[in-house]
Amino acid sequence: MTTIDMPAKASRPAFNIKREGERFALVAAWLLLIVIFGTLMPDSFLSWRNFSTMFGSQAVLVVLTLAIIIPLTSGDFDLSGASILTMSSMLIAVLNVKHGWSIGPVIIVALVSGAVIGAINAFFVLYFRIHSLIVTLGVGTFVNGMILWVSQSQTISGVSMTLVEWVIINRLFGIPLAFFYALILAAVIWYVLEYTIPGRKLLFVGRGREVSRLNGINVDKVRAVSFIVSGLIAALAGVFYSGMTGSADPLSGLNLLLPAFAAAFLGATTISPGRFNSFGAIISVYFLVTGITGLTMLGAQAYVQNLFYGGALVIAVSLSQLVRNRQPQDFS
Amino acid sequence: MTTIDMPAKASRPAFNIKREGERFALVAAWLLLIVIFGTLMPDSFLSWRNFSTMFGSQAVLVVLTLAIIIPLTSGDFDLSGASILTMSSMLIAVLNVKHGWSIGPVIIVALVSGAVIGAINAFFVLYFRIHSLIVTLGVGTFVNGMILWVSQSQTISGVSMTLVEWVIINRLFGIPLAFFYALILAAVIWYVLEYTIPGRKLLFVGRGREVSRLNGINVDKVRAVSFIVSGLIAALAGVFYSGMTGSADPLSGLNLLLPAFAAAFLGATTISPGRFNSFGAIISVYFLVTGITGLTMLGAQAYVQNLFYGGALVIAVSLSQLVRNRQPQDFS
Amino acid sequence: QADPMADANAIIAEHEKMPVFDPPGEAFDAKACMAGKKVLSIPISMTIPFNVELQKAMAKAAAEVGFTYTTWDNQLKSDQWIQGVSQAISQKYDVLDIAGGLNPEWLGPQLAEARAEGLKITTTHFYDVTQEQHASVDYSGAVDYTGAGKLLAAWAFAKTEGKPNVLIVGSSDVLPSIPFVKSIQDQLTALCPECTQKHLDVPVSEWATKIQPGVQSAILADPGINFVLPIYDSMSQFVVPALRITGAEGTVKIASYNGTPFVLDMVREGQVHMDIGESLGWSGYAAVDNMMRMLCGLPSVKKLNSPLLVFDEKNIETAGVPATFDDGYGDAHLEGFRKLWKLQ
Amino acid sequence: MSDNAVLQMNNIRMRFGSHYALKGVSLSIRRGEVFGLLGQNGSGKSTMIKVLAGFHQPEEGSEVILWGQKMPLPLNQMDIKTRGVAFVHQHLGLVPSLTVVENMRVTALGRKNPWFVSWKSEGQRVARLFAEFDLAIDPFATIAELPPVERAFVAIIRAFEDLRASDAGYGGEGILVLDEPTPFLPAEDVKRLFSLIRSIVKTGASVVIVTHDIDEVREITDRVAILRDGELVDILDTKTSERQTILDTIVGSRIDAFVKTRKAEARPAAVTVRGVTDGASPAFDLDIAEGETLGVTGLIGSGFAALPYLLCGARKGAGRITLSGQVVDLAKITPAKAQMMGIAFLPGDRLGAAGVGSLSVTDNITLPVLGQHLKPLGLDRGSMAREAARLSEIYDVRPPRPEMMLGSLSGGNQQKVLLAKWLQIKPKLLMLDEPTQGVDFGARQQIFKALDRATAQGTSILCASTDNEQLEQICDRIIVFSKGRPVMELKGDDITRKAITEACFYSDTHQAEAAE
Ligand SMILES: Nc1ncnc2c1ncn2[C@@H]1O[C@H](COP(=O)(O)OP(=O)(O)OP(=O)(O)O)[C@@H](O)[C@H]1O
Ligand SMILES: Nc1ncnc2c1ncn2[C@@H]1O[C@H](COP(=O)(O)OP(=O)(O)OP(=O)(O)O)[C@@H](O)[C@H]1O
Ligand SMILES: [Mg+2]
Ligand SMILES: [Mg+2]
């Protein structure tokens, strides 16, 4: 056994067609959808306005998906994300509209509320050692009750135009700023998960709690931080939500829960297959919404949207599994 | 190597106060709730009519929870259960009311539809090796689309009174028959999981896929059967649903998804702690509904129900964790 | 003090006769001023039968007049609504209609943008006649929920020989529910100040899980309840099982509003005592009428011209077997609107 | 092919992806023999066994002939089992969170009615079965509660019972296949296992056994087949073959056993441990010198195995540890704190506690040194990959492709990776728990050399093991435990395999006498 010089083959094979195929299958499917709808409706579908609206209006879902990716990476489910989003947007509306607070402090309160709910999740999961699924389901339901109470079940409109402007009215290349915020956040999360030590620790904790503990990672701290950050980002999604609509209602945000999970899991089949990853999540969101938008523009009935959504989800994942020879997906 | 007498420790200590405490903590919490509300409202709450109403009206949720317990035991999530339920009740309404089929064949068609959807879940999960969460989410959404299409987005009323009678009008001890069906089903599932080899194989597969395969268990078959049986039971829940309401609408059954998961996980802390179990699920459902009913009778507003539901869920599990010294819950 | 029973019966009688067409304003040449115009309507969700039928009627009316009418199919998702507004702007529509329960406040910034691009905004079948429309809206086809509320209260009073004990099932997250419930409450109080009434408030998304247990609990807590008034009749499918399971079916009656076909079927089968119908065919025409008035420079109508009609065991067969959204009201409106729009 | 072959496997070809794990291997097992299957890590032994078990489906053209009858492909797992082939797989194949009786019964043969099981009477039956083998394992204990030896016994007895319940079992025949059953077992249990095997063979059954322990091979087997890179190299008659011949055939070239030059001179203690206890057994003290390799051993259950876990805070305990002047309370120490002090610990459970199987070798190996790869712009993935490749090369990880998942390496190579992970940080104290369990002869020597180089650079090593050969090869000093505390110390030339074995037993009986 001698120390020898670096062998050339130690660095990755430069290009692996199969692996790249796996990574970009969903992107290809997305482009295909665009081509199809573009051919059918060259004027309306291919307009920049259509794309910019699509990009802008999905920013909320993207951010929520990013929020749940973090605990998913560290091995926990967070079903309270949509409730936190709604709570945050409702707090903004109530404090800003009803109590006349200025928007800056209101946003801070909203973000803090998200972090606090995340901390509550973390407390129950970690102190009592309860499965995250049941804790976040319970806490989420509790938060839903709080929202109804805070809002008296009412929609509150008239949220500060400053917020609205900075979220959806001001644009870059015609796309509302919200999209770029989501993009920046995705890049930050990507960077943190891939290129920082805390990000690596998160991944290790998700893949092996006991291994991580024995390797000197403070597992409870990592999981707690991941819940809190997830709450914070979900609350940020709520800020965008109220900026997007200029209002808050106690319920519609809750519908984003399942789409966010769908996007997170679909996203884990692309870009960095086998890992929950932020750009994969973005692509999943836009892949699905492109299909829905195209169908709506074609005048398809509501049920066709469900058929597409469910069908596309399953088929997209199936195809990506075919590309990787149907190796089981392993997120743990 | 000599044959010696049976060692004394081979049979477990007959009675272990801690273990029994753990097993019956939730039952105690339930009784406590009854005592509290009974003291506050001795006449209305403690009436047999109130209890028979509670027992009868939650039978659908109980059956749906039993449906998802089966794949949970074998290590899979089934998010399509509520969609199957809705599909089944819609098929009953459409075929019975619109097409005038008699109720017997209609029920069979509904049950078959559930089994078929379960088989589709199984196909994608097992053939393509996709995570069950994403498959059942996708298939569930697809089925929702099918429901909208079949029903033309309409609520259909006027389902055969024979069904309604056998579900909710005919009674035993004043309790609608639906409750007893659910009870019988729970007993059957309990028996199969606890006292038969196929049941134990299910558990084995849930706890260790590779190990089960090494031991000669046909893991794919077991998982496929568990999806199909789950679909079948969810469809049965749909039969009860249309018997309960005498009608079917394309959306409202879907709201039962999260409550069913909550009950399944809460139920896994009681009776047979650490394992998803049918009587635990029943007790969870009735524990939660007792609280809600009591609060509603006291005149609490709608949001209080959410607060109770979420809070009780988390606190009940926390208490049961305290009893067992906060050992982590391990469902795998 | 007048006789409350007479008052109640008067209110009921007024809505039991076959509706007649009552022109909502002056006649105008719709074809002329609508030529080349485009209307896009965003309903709250096309998974709600009510919206599906309303949209059908509006599309039919538009086809008669001959202008472009598009429905933005969606499923209760805010991003889809936003996309719809964007579509209206980019495809140069003239009118953006927010229909069937969608609250314009949920689309504040988007509607502002649409307006800035020159679109006119209308709401259809959303506000109650007593409510102010939101600043972002030009014309509203307001609905007489208050009138329906009075009618429900009168019905409960009259059919219990003046001793109503009422459970109102409301849903205050839907904006017009608030004046609707209030008008029931006020009318009941006016008719019978000492009578008991209770309000069960259930948000729309929780109807399926909360109405049935809520009604059950209320009935068990107060066995004297003799009328349940779900303000939207789709709630009935959860009220009926609650009555059945508590053994109150028959003694506790249901009266409601909307004229949804499956509930009319339930009236025919005796499960629901009365349903206030509102012809969606009629409403659709009335909504289009109001929209065209806006484009033709005429003043808005105060109240959507779509009469309320009582359906009970006496006249339920006229609604069709199985019932439809449109039968039983006669077709005075078709004739009437065609004349009004100078189509014939 | 011999005519009294009970099992023939002809031209077995098995492919994973593009890689052939078995390239046409043919074997035949005779009636009543003990047949050894040898080879380096990853040579295809387990794959061969899993093909026989019907777990892996071999390629067309492969043939399995059992009792003279050709088995149709794909092989049916239950079919193989009912015909009297019973398996103890490499990692035992038990579900840790379920009870012994559940593990014993779920797939067992010979049950009359699968639709009713009385767990109580099954438990009694299982207890009686254990009693037959002189074991007192609670049938209702979960597997996770059992020590590794008892787990191994559960798996072995389960296979044994399968054999008895199978069709072949009536005639007293059958084939028992054991894939590395011994690494969990201390010497005296290996003896018991072997006497069990001999008694099975006497009834006419055959046994196939995989092991890396050459002495075990020589003791128990009649013939051995040697695999290398998925090919059959040779079949040797054990009685007539030299120990070294077998070893050399396995490796393919001559490999000498690593011989340590023991450091006998007294050196100052680098690590002092005072009053360490797990709370149940009496407290004791311990010193390790700089560069010293201290072995701790004893019978299973004697408490030596817990020591490394206590010292790094992986398990709750009490006491004090002093390391380069720093004194730390063992009640408060955590793995993170221990690591900061320069203590590294490599647990025995490779994929459950030491490394993450679903992450790459690079990710695993760089975990403790991420700080070194932190550039202003974040982690330098390139340098991480290069470093991992460098370490793979140094520690001879095969294949040297650090982008592979750790879990897809063979056990021995996983161990090399995990050892490299800790050795690169040059810990002051390296603690090992069964460091070469299931590792082949050649790889063991490589690991030993790597450990020796570390001690030369000043690392102290604490090695907990029941593998006497390993202890003899690497330790400067050995402490033998009994009943939770150290009872004997072996040093210098006293350290021999025999002496260690004797010490384990002697100290146990001696203590028992003293207690009386
Ligand atoms: N599930 C699998 N997928 C892909 N390759 C595999 C798989 N199992 C085994 N292999 C490959 O098959 C080859 C032989 O592995 P096998 O497990 O048979 O080795 P072994 O001889 O049992 O080694 P050891 O002595 O370490 O137990 C290895 O090189 C490995 O790469
Ligand atoms: N899932 C897998 N994917 C790819 N290769 C694998 C996989 N599993 C095993 N291998 C390959 O199979 C070979 C043998 O693996 P295995 O674990 O069977 O070795 P082993 O002989 O049991 O080794 P050890 O004695 O060290 O435990 C390794 O070289 C490894 O690369
Ligand atoms: Mg092996
Ligand atoms: Mg191995």
Side-chain angles (χ1 to χ4, degrees), chain B residues 41 43-45 47 49-50 52-58 61 93 97-98 144 147-148 151-158 161 164 167-169 171 174-176 178 241 243-256 258-259 289 292-299 301-303 305-306, chain C residues 45-53 75-76 170-173 198-203 205-223 233-234 236-242 244-249 260-269 271-272 322-323 325:
Chain B
M41 300 169 287
D43 296 334
S44 55
F45 188 83
S47 69
R49 191 163 163 227
N50 178 31
S52 66
T53 300
M54 268 187 330
F55 287 139
S57 64
Q58 295 302 318
L61 180 57
V97 179
K98 300 250 157 168
N144 295 350
I147 297 166
L148 287 174
S151 66
Q152 304 290 326
S153 301
Q154 305 282 336
T155 301
I156 298 169
S157 69
M161 277 313 281
V164 176
V167 169
I168 191 173
I169 295 187
R171 288 163 193 249
I175 306 174
Y241 192 73
M244 186 83 64
T245 59
S247 65
D249 77 307
L251 298 170
S252 58
L254 306 180
N255 292 320
L256 295 173
L258 291 184
V289 79
I292 302 265
T293 304
L295 287 171
T296 317
M297 282 189 162
L298 284 176
Q301 289 184 49
Y303 73 85
Q305 297 179 14
N306 282 334
Chain C
S45 167
M46 285 295 273
T47 59
I48 301 172
F50 171 83
N51 277 290
V52 176
E53 298 300 324
Q75 297 197 31
L76 206 112
S171 194
S172 25
D173 57 323
K198 225 171 152 186
H199 177 205
L200 178 70
D201 194 358
V202 184
S205 65
E206 298 186 325
W207 284 7
T209 47
K210 291 214 175 127
I211 290 181
Q212 189 186 333
V215 171
Q216 285 168 191
S217 306
I219 287 175
L220 293 169
D222 177 4
D233 63 6
S234 295
S236 317
Q237 66 165 318
F238 309 109
V239 177
V240 168
R244 262 183 200 148
I245 209 161
T246 50
E249 198 177 16
T260 308
F262 85 91
V263 185
L264 296 176
D265 288 338
M266 291 169 111
V267 173
R268 195 176 61 245
E269 281 155 22
Q271 295 163 359
V272 171
F325 274 99

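Every chain is numbered from 1, with letters handed out A, B, ... down the list of sequences. Since the model is a prediction, treat every value here as computed from it, not as a measurement.
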Atom group of [X] that falls short of 4.5 Å from chain C, counting heavy atoms:
| X | result |
| --- | --- |
| B:Q154 | both |
| B:M41 | neither |
| B:N306 | both |
| B:F55 | neither |

Report summary line: Minimal heavy-atom distance between C:A221 and B:S44, with the atoms involved, is CA-CB, 3.8 Å
Requested in this report: Could you tell me which non-hydrogen atom of C:T246 sits nearest to which non-hydrogen atom of B:R171, and how far apart they are?
Outcome: N-NH2, 4.4 Å
Quick one: which of [options] has the most heavy-atom pairs under 4.5 Å with chain C, could you say?
| options | result |
| --- | --- |
| B:L254, B:L295, B:V97, B:D249 | B:D249 |
| B:T296, B:N255, B:T155 | B:T155 |
| B:I168, B:I292, B:I169 | B:I168 |
| B:V164, B:D43, B:I175, B:L298 | B:V164 |

**Report entry** Atom NZ of B:K98: over 12 foreign heavy atoms under 6.0 Å
**Finding:** no
Requested in this report: Answer yes or no: are there more than 12 heavy-atom neighbours, outside C:E249 itself, under 6.0 Å from its atom CD?
Outcome: yes
Just how far is it from atom [atom1] of [X] to atom [atom2] of [Y], taken to the nearest 0.5 Å?
| X | Y | atom1 | atom2 | value |
| --- | --- | --- | --- | --- |
| B:S57 | C:Q212 | OG | CD | 5.5 Å |
| B:S157 | C:R268 | OG | CZ | 8.0 Å |
| B:Q152 | C:T47 | CD | OG1 | 13.0 Å |
| C:F50 | B:S153 | CZ | OG | 14.0 Å |
| B:M244 | C:Q237 | CE | CD | 13.0 Å |
| B:L251 | C:S45 | CG | OG | 7.0 Å |

Taking the side chain as everything from C-beta on, heavy atoms only, tell me whether [X] gets closer than 4.5 Å to [Y].
| X | Y | value |
| --- | --- | --- |
| C:L220 | B:T53 | yes |
| B:Q305 | C:E206 | no |
| B:T245 | C:V240 | no |

Query - Option that, when pairs with chain B are counted at under 4.5 Å, heavy atom only, ranks first among C:E53, C:K210, C:M266, C:E269 - result: C:K210
**Report entry** C:P322, part contacting chain B, at a heavy-atom distance under 4.5 Å
**Finding:** neither
Report task. Check each atom of C:S205 against the heavy atoms of chain B and say whether the ones under 4.5 Å are side chain, backbone, both or neither. Result -> backbone
Query - B:R49: side chain to side chain donor-acceptor pair (under 3.5 Å) partners, not counting sequence neighbours - result: none
